[in-house]
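What follows is a set of notes on a single structure, which appears directly below.
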Amino acid sequence: MAQNIYDNPDFFSGYSQLPRQVHGLDGAPEWPAVRAMLPALTGKRVADLGCGFGWASRWMRTQGAVSVLGLDLSHNMIARAKADSSDPAIEYRIADLEMLELPEAAFELVYSALTFHYVEDFRRLTRMIHKTLVSGGDLVFTAEHPIFMAAAHPHWIADEDGRKTWPVNGYSVEGERRTDWFAKGVLKYHRTLGTTLNTLIDADFKVRRVEEFAPTREQIEQAPELAEELERPMMLLVSARKTETR
Ligand SMILES: C[S@@+](CC[C@H](N)C(=O)[O-])C[C@H]1O[C@@H](n2cnc3c(N)ncnc32)[C@H](O)[C@@H]1O
């Protein structure tokens, strides 16, 4: 059973104040890079795994998706997503990605933002996603970058010039990692970059693009605190496609 930290009141209240939750997709610096990885959405059926407040689910509809299924473990998240939308073509539902089963060939796009690092059994999940996509369907996701997770904020140390550095701890030791972020002991799962990509390849996905997100110079000029993200990649962005069968 997954941890469901987003239903912890302290965690939820802190998380809700993040710029990306207050301002939506425009408050997420990686969004332009994610958007560039997404296929055309007109006429597509989309599943948004770990949909949170539903910012992306709603955006997909503005881009022509015919339906969006937003799934999330957290009652708080789903309640907020439902409150923010009256679109009958978006369905929000509680679901645990550790156990989720979706119908075969039911979606042209499976999208997920910053959720897969909470999932222990990534192998099962990728196979299930492969099954639920139509032939030629796309999986586009972001997750916490494994280097960021292994160099967990805020455990930085100052170098001799006083600059913050983030030692990487046990990069090759995969599995549970705990962090204190809005609440103590938030549970995440560390997988190396190789494991993540090979799990997709083994599930018969063609990996199309991989980005290790770093802010642009313009973004740093506008929000100088983002400069820190040049020190280690914070997010991994992946697009993969289910090979077309004839
Ligand atoms: C960092 S938030 C991202 C939310 C949204 N995708 C966004 O980008 O704003 C991670 C989300 O994953 C959800 N989550 C974590 N573990 C999950 C699981 N096992 N099954 C389904 N959702 C999960 C959380 O409840 C939370 O809403």
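All values below were derived from every heavy atom in this structure, side-chain atoms included, with hydrogens, water molecules and symmetry-related copies excluded. All ligand and atom numbering here is 1-based and tracks the order in the structure.
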Report summary line: Quick look: A28 vs ligand 1, heavy-atom contacts under 4.0 Å, and the answer is neither

Report summary line: For L71 and I78, the nearest pair of non-hydrogen atoms, with its separation, is C-CD1, 4.4 Å

Query raised in the report: Counting from 1, what ligand 1 atoms have a heavy atom of A2 closer than 4.0 Å?
Result: 19 (N)

Query - Candidates M235, M234, K188 - the one meeting side chain to side chain contact (heavy atoms under 4.5 Å, CB included) with E144 - result: K188

Query raised in the report: At a non-hydrogen distance cut-off of under 4.0 Å, which region of A56 contacts ligand 1 (side chain, backbone, both, or neither)?
Result: neither

Query raised in the report: Out of D96, L114, T115, who gets a non-hydrogen atom closest to atom 19 (N) of ligand 1?
Result: D96

Requested in this report: State whether the number of non-hydrogen atoms from other residues, nucleotides or ligands found under 6.0 Å of R178 atom CZ is greater than 12.
Outcome: yes

**Report entry** Protein contact to atom 1 (C) of ligand 1 [nearest heavy atom, distance to 0.1 Å]
**Finding:** Y6 OH, 2.9 Å

Query raised in the report: Can we call the ring centroids of W31 and W59 under 6.0 Å apart?
Result: yes

Query raised in the report: Please state which protein non-hydrogen atom is closest to atom 16 (N) of ligand 1 and give its distance, to 0.1 Å?
Result: Y118 CB, 3.5 Å

Query raised in the report: How far is atom 6 (N) of ligand 1 from its nearest protein heavy atom, and which residue and atom name does that atom have?
Result: G50 O, 2.6 Å

**Report entry** CA sep, side-chain torsions, deciding dist, call: R232, E229, salt bridge (Lys or Arg N to Asp or Glu O under 4.0 Å)
**Finding:** CA-CA 6 Å; R232 72 274 186 258; E229 308 312 336; 2.9 Å; yes

Query raised in the report: Among all protein non-hydrogen atoms, which one is nearest to atom 20 (N) of ligand 1, and what is the separation to 0.1 Å?
Result: L97 N, 2.9 Å

Report task. For atom 25 (O) of ligand 1, grab the closest protein heavy atom and report residue, atom and distance to one decimal in Å. Result -> D72 OD1, 2.6 Å

Query raised in the report: Which residue supplies the protein heavy atom nearest to atom 9 (O) of ligand 1, what is that atom called, and how far is it?
Result: Q21 NE2, 3.1 Å

**Report entry** Test log, rule salt bridge (Lys or Arg N to Asp or Glu O under 4.0 Å), inputs K164 and E228
**Finding:** CA-CA 8 Å; K164 285 183 185 175; E228 197 170 288; 3.3 Å; yes

Query raised in the report: Among protein heavy atoms, which lies nearest atom 8 (O) of ligand 1, and at what distance?
Result: A113 CB, 3.4 Å

Query raised in the report: Does atom CZ of R123 have more than 12 heavy-atom neighbours, drawn from other residues, nucleotides or ligands, at distances under 6.0 Å?
Result: no

Query raised in the report: Should L73 be counted as touching ligand 1, given the test is an N or O pair under 3.5 Å?
Result: yes

Query raised in the report: How close does the nearest protein non-hydrogen atom get to atom 2 (S) of ligand 1, and which residue and atom is it?
Result: Y15 OH, 3.1 Å

Report summary line: A student checking ligand 1 against S74 at a 4.0 Å heavy-atom cut-off should list atoms 25 (O)

Query raised in the report: How far apart are the C-alpha atoms of E174 and R191, what are their side-chain angles, what is the distance that settles it, and do they pass the salt bridge (Lys or Arg N to Asp or Glu O under 4.0 Å) test?
Result: CA-CA 5 Å; E174 300 189 306; R191 283 176 279 275; over 6 Å; no

Query - From L114 atom CG to T142 atom OG1, the distance as rounded to the nearest 0.5 Å - result: 3.5 Å

